[in-house]
Amino acid sequence: MFGFSGAIKFYYCPTPISMRKSFDGLAGAVEEYIQQEPESGHAFVFFGRSRKMVKILQWQGDGFTIWMKRLESGAFHLPKSAEGRIELSSRELAALLSGIKPHRYYKRYSKKS
């Protein structure tokens, strides 16, 4: 598992990005859409058009790292409070990645036995 320090800010890209992009493509999207410096050390969150996949890009001093998650069913739900801005709190990101719907705080799926 990975972790982020408290000093890191989380920015999401409001424009859907092709999930075929890798390090250089995502770094270019940071500059173009988020208007931040990719080597700042902050984490940048990208979603595909269907919101079934998320990629997080971060500079770690000597190179970029990418964390990726793909959902088999359902889609990621962005909190209403995040609409219209590009910075996420660590709490919003954790809820988003764990599959919690921000409106009612329940999982997006249930396991069938």
Side-chain angles (χ1 to χ4, degrees):
M1 193 67 195
F2 72 99
F4 293 105
S5 72
I8 293 176
K9 292 183 180 178
F10 302 96
Y11 296 96
Y12 81 94
C13 182
T15 305
I17 296 295
S18 169
M19 288 292 109
R20 293 177 285 168
K21 290 185 186 237
S22 190
F23 299 101
D24 295 331
L26 292 176
V30 168
E31 292 175 344
E32 183 178 349
Y33 297 114
I34 303 174
Q35 290 151 6
Q36 294 285 326
E37 187 62 36
E39 292 90 6
S40 65
H42 298 302
F44 301 97
V45 183
F46 300 93
F47 296 95
R49 186 167 309 281
S50 66
R51 295 205 182 236
K52 288 184 177 267
M53 189 177 291
V54 62
K55 284 188 177 183
I56 301 174
L57 177 75
Q58 184 188 21
W59 178 261
Q60 292 196 333
D62 59 351
F64 285 110
T65 59
I66 292 179
W67 183 86
M68 184 173 79
K69 183 174 184 176
R70 182 185 71 188
L71 299 177
E72 293 300 318
S73 63
F76 290 106
H77 300 279
L78 215 54
K80 286 285 187 196
S81 62
E83 289 179 2
R85 64 186 172 96
I86 61 170
E87 191 172 340
L88 290 172
S89 70
S90 59
R91 183 178 176 198
E92 287 172 326
L93 181 63
L96 179 91
L97 294 177
S98 64
I100 296 174
K101 276 191 175 180
H103 306 293
R104 296 196 182 105
Y105 294 99
Y106 59 87
K107 291 273 192 176
R108 78 181 158 276
Y109 64 91
S110 62
K111 272 190 164 176
K112 294 182 181 179
S113 303

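Counting from 1, the numbers follow the sequence of the chain as shown.
- A pairwise comparison of heavy atoms in I56 and A43 identifies CG2-CB, 3.8 Å as the closest pair.
- Of all the heavy atoms in A75 and S50, the pair that sits closest is CB-O, 3.9 Å.
- Looking at F10 and L96, their side chains never come closer than 4.5 Å, going by heavy atoms from C-beta outward.
- Using a distance-only test at 3.5 Å, with no hydrogens or angles considered, no donor-acceptor pair links the side chain of K55 to the main chain of I17.
- Scanning for ring pair (Phe, Tyr, Trp, His ring centres under 6.0 Å) contacts around F44 gives Y11, with sequence neighbours left out.
- Contact record, T65 with Q60: CG2-OE1, 3.4 Å, taken as the closest heavy-atom pair.
- Looking at K21 and F46, their side chains never come closer than 4.5 Å, going by heavy atoms from C-beta outward.
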Let me have the donor-acceptor pairs involving side chains of residues 22-41, under 3.5 Å, with sequence neighbours excluded, atom names and distances please.
residue, atom, partner, partner atom, Å
S40, OG, E37, O, 3.0
S40, OG, H42, N, 3.3

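- Here the CE atom belonging to M68 is positioned 9.0 Å from the CE atom belonging to M19, to the nearest 0.5 angstrom.
- Here OG of S89 is found 7.5 Å from CZ of R91. Values are rounded to the nearest 0.5 Å.
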